[in-house]
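We're numbering straight along the sequence, starting at 1. All values reported here derive from a predicted model rather than from experimental measurement.
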Amino acid sequence: MNTNYELFLCTTLLVFVFLPCYRADPDPLQDFCIADPKSGITVNGFACKAARAARSSDFFSSAISKGGSTDNPNGSNATVMDATVFPGLNTLGVSMNRVDFEEGGINPPHVHPRASEVGYVAEGILYVGILSTENKLYSKILRAGESFVMPRGLLHFQYNMGPGKATQFVSFNSQKPGIVFAPQSLFGSKPEIPTEILAKAFRVDADIIEYIKSKFQDDCSSGVEAA
């Protein structure tokens, strides 16, 4: 048999065998793993407390029943529900956020490197956009009761078109989806990206980059942590 054909066949078999087993997070090997943050061990999640110590309260949470303050430059706030506040989520490969918007508030362009996202608009009118790797914008105006999906790793954003406030709930297929905000990462990184690099990348003068950077100085929070 031709060597190249054998290699192709083996590679194809490996893809079909292992691809269906892929998940955003590792599969758990026990019924549950209630997080024990005090253990200090955080390898793909917290260490488990003893199963016999589990309580009903470990499986329920009111973490996103109320929103946080939207008094920030973005006019938005994410209330995170992950294993740090809901121990029962530990190792299950899921998490949720609640995001509240003031009128005109924005969840800036960002990506989640470790998860896809499904969102539900509970209140208000949101303009939602997704950018593909081909720089094509997919966008829609969503109202209460409507949903959206954000593929893993794609740049996306939400903007409250108003009138009034807006609220969305989002879920992730990862215990810790991660987040990279484009504006904050580019103009507020520590240490900062050299101005000449950003000026070249954005095709503008250096003083424009310096002005934008000044807007992100000492800005420890972009208003939304993980939506």
Membership question, hydrophobic clusters at under 4.5 Å side-chain separation (ILVMFWY): are [Y] and [X] in the same one?
X: Met81; Y: Val99; value: no
X: Val204; Y: Leu186; value: yes
X: Phe60; Y: Val85; value: no
X: Phe86; Y: Ile34; value: no
X: Val94; Y: Tyr120; value: no

Separation between [atom1] of [X] and [atom2] of [Y], rounded to the nearest 0.5 Å:
X: Leu155; Y: Phe181; atom1: CG; atom2: CZ; result: 11.0 Å
X: Arg143; Y: Ile125; atom1: CZ; atom2: CD1; result: 4.5 Å
X: Thr79; Y: Met96; atom1: OG1; atom2: CE; result: 11.5 Å
X: Leu154; Y: Leu131; atom1: CG; atom2: CG; result: 8.5 Å
X: Gln217; Y: Lys190; atom1: CD; atom2: NZ; result: 6.5 Å

Counting C-beta onward and ignoring hydrogens, is there a side-chain heavy-atom pair between [X] and [Y] closer than 4.5 Å?
X: Met150; Y: Ile130; result: yes
X: Lys49; Y: Asp58; result: yes
X: Gln184; Y: Pro108; result: no

Requested in this report: Answer yes or no: are there more than 12 heavy-atom neighbours, outside Asp71 itself, under 6.0 Å from its atom CG?
Outcome: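 Result for CG/Asp71: open.
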Report task. Count the heavy atoms of every other residue, nucleotide or ligand shown that sit under 6.0 Å from CZ of Phe59, and state whether that count exceeds 12. Result ->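 Count over threshold, so yes.
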Quick one: does any side-chain atom of [X] pair with a main-chain N or O of [Y] as donor and acceptor, under 3.5 Å?
X: Asn160; Y: Glu102; value: yes
X: Ser95; Y: Ser174; value: yes
X: Ser76; Y: Ile106; value: yes
X: Asp207; Y: Tyr211; value: no
X: Glu103; Y: Gly164; value: yes
X: Ser116; Y: Pro151; value: no
X: Asn90; Y: Ala83; value: no

Indicate the atoms forming the closest heavy-atom contact of [X] with [Y], along with that distance.
X: His112; Y: Ile179; value: CE1-CD1, 3.8 Å
X: Ile64; Y: Phe169; value: O-CE2, 3.6 Å
X: Ser62; Y: Ser65; value: O-OG, 2.8 Å
X: Phe148; Y: Leu142; value: CD2-CD1, 3.6 Å
X: His110; Y: Gln158; value: CE1-OE1, 4.5 Å
X: Phe216; Y: Gly188; value: CB-CA, 4.0 Å

Report task. Please identify each residue that fulfils ring pair (Phe, Tyr, Trp, His ring centres under 6.0 Å) with Phe202, with sequence neighbours left out. Result ->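 By the ring pair (Phe, Tyr, Trp, His ring centres under 6.0 Å) rule, Phe202 matches Phe187.
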Query raised in the report: Who passes side-chain hydrogen bond (donor to acceptor under 3.5 Å, both in side chains) against Tyr138, sequence neighbours left out?
Result: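 Partners of Tyr138 under the side-chain hydrogen bond (donor to acceptor under 3.5 Å, both in side chains) test: none.
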**Report entry** From CA spacing to verdict: side chain to side chain contact (heavy atoms under 4.5 Å, CB included), Arg114, Phe172
**Finding:** CA-CA 9 Å; Arg114 296 188 289 272; Phe172 304 96; over 6 Å; no
Query raised in the report: Could you walk me through whether Thr167 and Arg98 pass the side chain to side chain contact (heavy atoms under 4.5 Å, CB included) check?
Result: CA-CA 7 Å; Thr167 300; Arg98 167 184 177 148; 3.8 Å; yes
Report task. I would like to know whether Asn107 and Phe157 meet side chain to side chain contact (heavy atoms under 4.5 Å, CB included); could you show each step before the answer? Result -> CA-CA 6 Å; Asn107 189 2; Phe157 60 86; 5.8 Å; no
Return a table of donor-acceptor pairs under 3.5 angstrom between the side chains of residues 191-199 and protein atoms on other chains or two or more places apart.
from	atom 1	to	atom 2	distance (Å)
Glu192	OE2	Lys213	NZ	3.2
Thr195	OG1	Glu210	OE2	2.3
Thr195	OG1	Lys213	NZ	3.1

**Report entry** side chain to side chain contact (heavy atoms under 4.5 Å, CB included) between Lys140 and Val128, intermediate numbers included
**Finding:** CA-CA 6 Å; Lys140 191 173 180 63; Val128 179; 5.8 Å; no
Query raised in the report: Is the closest basic N to carboxylate O distance between Lys176 and Asp82 below 4.0 Å?
Result: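 Salt bridge: yes.
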